[in-house]
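We count residues from 1, following the sequence as given. The figures here come from the full heavy-atom set of this structure, side chains too, leaving out hydrogens, waters and symmetry mates.
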Amino acid sequence: MQLRLKEHWKLVALGLALIVAIAFIVVSALSDSNEVASPKTGGPIVEQGVVDVDLSDPPQQAWELDVRALTDNPGDVLLSMPSTLDSYYGYGNTYQVGDVLVAATAYPLPKTDESSSSQGVGAVTLVGVNPDDGNPLWKTRIGGVIGQCSQQNESTIIACWGDRRMIFVDTATGTLMSDLGTDFDLNGATITGDTVYTSGERTDGTVRTRILASGTTTNLTANFVRTFEPSEKFGAVYTVPHTDTVISMEQGDGGDPQYRYRIYDLQSGAERFRFEGDSLVPAGNGLFLTSVGGRSGYAGTQNLLASDGSTIRAIPIPSYSSSSYPNKSSTGLPMFLGDGAYDPNSGDELWRSSQIVNTAMAGTGSAIAAVVGKTILVTSPETRTISGLDIESGRQLWQTPWQDAYWVRSGATDGDHFVFSDYTGMHSIRARDGKMMWSVPLPPEVDPRGVVVSNAGKNVSFSWQNHFTIWR
């Protein structure tokens with residue numbers, strides 16, 4: 001049992017690594033199909049981190065989340081949604097689904113290991129929070145054996161799972177739609193339209209059989225159940241429904257390659273191609289970005305592949321791309337890979353600029369902080385500046401000195417400004433000319449490393465540790 005538990009967590013870590021890797025690529029095709037592609041960039045007009053607050057003037061704090069208002073049990077704590085719902089690490093947060101902020105509360109249990117950074121929790125309750133005033137809209141007790149909830153949600157329905165249990169909750173009303181069991185260990189779920197894709201594995205001694213099921217919120221296997229070649233290696237299966245893709249991965253033999261991938265058609269189950277290397281992640285509209293030879297924070301050699309696995313091009317300056325950033329562009333969004341912008345449909349190079357990569361830290365990473373209108377905002381720790389680049393040409397439009405440019409992180413946009421946090425506070429910069437509009441200093445006791453500025457509903461959220469505040 002001890003060995004199996006350790007192996008289980010290795011599998012979870014491997015699965016999370018793939019999720020994080022997928023998030024590292026700017027995938028334009030995640031937007032709805034009714035969005036119109038730009039003739040110059042090829043990508044759809046997408047939005048992320050957008051607020052309905054005029055950021056030309058400093059917003060005012062409207063409310064602060066009080067966990068005592070979310071629970072009837074004294075001593076309950078706010079957990080970190082949407083993951084690690086079976087543990088408490090000393091801090092918590094909410095996440096947005098539709099027009100509701102979803103929180104999770106539970107009572108922390110005594111530590112069984114004093115060296116651990118977390119402690120177990122009792123039964124979990126999900127809470128819908130009104131983003132306008134912070135009051136609870138509903139409370140739904142989901143009990144235990146739930147580790148995380150779905151991160152990307154097309155509708156108000158979320159999936160939450162742990163071990164061999166899956167539940168579905170409509171976050172508009174808090175209704176527990178179903179509570180289902182499975183005959184395999186779950187490690188992922190994706191809801192698209194009326195279809196639910198779940199993935200996991202069965203174990204027989206040291207042999208693991210990865211499983212992908214397609215069904216509904218009341219019957220997880222209503223459409224199909226597919227099994228993949230048994231293996232003693234740790235691995236995972238994930239779906240990318242908007243490109244009709246399934247990615248199956250497993251560890252290599254301890255050297256090169258690090259991982260082995262098989263790519264399948266989601267609907268038919270037919271195998272498209274195989275790849276061996278450090279990583280393979282979706283990019284653009286049905287393309288893939290692969291890396292080989294990356295070690296100690298360096299990306300190695302990267303290639304852009306077509307949907308059939310054929311090579312479109314090498315990426316001249318390999319890098320780790322930005323996981324996400326505020327975006328309200330007035331034109332289509334290209335793929336940003338390394339120092340270049342690429343058409344997300346064809347993979348054609350649109351332009352290149354050394355300003356969109358950061359080489360000041362270990363390895364090469366993205367320098368993009370936000371996309372606002374037709375301006376890409378990039379930061380430089382070396383020159384301590386924030387610069388605005390034209391999205392269609394990569395040409396520099398302006399440059400603003402900023403001492404803490406190395407720490408510009410997270411943020412939100414109203415379509416004209418970018419509001420962000422750094423080591424000193426929360427700040428707003430105008431995207432068209434780089435003018436700094438205002439600053440709100442951090443409270444004296446706040447560790448800036450834990451500060452996050454984002455959107456909550458259409459408002460600005462400013463949070464750190466167990467403090468979650470809304471500004472408008």
When you check the side-chain N and O atoms of Asn285 and Asn345, is any donor under 3.5 Å from an acceptor?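 Distance-only check passes for Asn285 and Asn345.
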We want to know whether Asp170 and Thr156 form a side-chain donor-acceptor pair, criterion being a heavy-atom distance below 3.5 angstrom.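 Checked: Asp170/Thr156 side chains pair up, N/O donor to acceptor below 3.5 Å.
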Could you tell me whether a side-chain N or O of [X] sits under 3.5 Å from a main-chain N or O of [Y], the two making a donor and an acceptor?
| X | Y | answer |
| --- | --- | --- |
| Ser291 | Ser279 | no |
| Ser150 | Asn153 | no |
| Thr400 | Gly434 | yes |
| Ser319 | Gly338 | yes |
| Arg165 | Gly144 | yes |
| Ser366 | Ile368 | yes |
| Trp438 | Pro59 | no |
| Arg352 | Gly340 | no |
| Thr221 | Ala213 | no |
| Thr413 | His417 | yes |

Candidate pair Asp414 and Val53, rule side chain to side chain contact (heavy atoms under 4.5 Å, CB included), full reasoning: CA-CA 6 Å; Asp414 61 356; Val53 178; 5.9 Å; no
Check the surroundings of atom CG in Asp183: do more than 12 heavy atoms from other residues, nucleotides or ligands lie under 6.0 Å from it?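 Counting neighbours around CG of Asp183, more than 12 heavy atoms of other residues, nucleotides or ligands fall under 6.0 Å, so yes.
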Would one find more than 12 heavy atoms of other residues, nucleotides or ligands at under 6.0 Å from atom NZ of Lys374?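 No.
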Can you give me the closest heavy-atom contact between [X] and [Y], atom names plus distance?
| X | Y | result |
| --- | --- | --- |
| Ser214 | Tyr197 | OG-CE2, 3.6 Å |
| Ala412 | Pro326 | N-CG, 3.6 Å |
| Asp72 | Pro74 | O-CD, 3.5 Å |
| Trp398 | Arg430 | CZ2-O, 4.1 Å |
| Val121 | Ala106 | CB-CB, 3.8 Å |

Determine, for [X] against [Y], whether the closest basic-nitrogen to carboxylate-oxygen distance falls under 4.0 angstrom.
| X | Y | value |
| --- | --- | --- |
| Arg432 | Asp416 | no |
| Asp185 | Arg164 | yes |
| Asp433 | Lys435 | no |
| Arg449 | Asp447 | yes |

As a quick check of understanding, evaluate side chain to side chain contact (heavy atoms under 4.5 Å, CB included) for Thr190 and Tyr238, giving each step before the final call. CA-CA 9 Å; Thr190 301; Tyr238 292 95; over 6 Å; no
Mind telling me whether [Y] and [X] have parallel, tilted or perpendicular rings, with 30° and 60° as the class edges?
| X | Y | value |
| --- | --- | --- |
| Phe468 | Trp63 | tilted |
| Trp471 | Phe462 | perpendicular |
| Phe336 | Trp351 | tilted |

Disulfide (SG to SG under 2.5 Å) pairs, two or more places apart, involving residues 80-188: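 The answer is Cys149-Cys160.
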Residues in side chain to side chain contact (heavy atoms under 4.5 Å, CB included) contact with Gln119, at least two apart in sequence or another chain: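 Per chain and number, Gln119 pairs via side chain to side chain contact (heavy atoms under 4.5 Å, CB included) with Tyr88, Pro108, Lys111.
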Partners of Ser80 by side chain to side chain contact (heavy atoms under 4.5 Å, CB included), sequence neighbours excluded?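 Listed in chain order: Thr84, Tyr91, Asn93.
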Using side chain to side chain contact (heavy atoms under 4.5 Å, CB included), reason through Trp464 and Val451 one step at a time and then give a plain yes or no. CA-CA 5 Å; Trp464 63 94; Val451 173; 4.0 Å; yes
Is there a side chain to side chain contact (heavy atoms under 4.5 Å, CB included) between Ser454 and Ser461 once you walk through the steps? CA-CA 5 Å; Ser454 185; Ser461 69; 3.6 Å; yes
As a test of understanding, state which of Leu70, Leu79, Ile158, Thr171 forms a side chain to side chain contact (heavy atoms under 4.5 Å, CB included) with Leu126.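 One option only clears the test, and that one is Ile158.
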Identify which one of Trp407, Trp402, Phe418 satisfies the ring pair (Phe, Tyr, Trp, His ring centres under 6.0 Å) criterion when paired with His427.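 Of the listed residues Trp407, Trp402, Phe418, the ring pair (Phe, Tyr, Trp, His ring centres under 6.0 Å) partner of His427 is Trp402.
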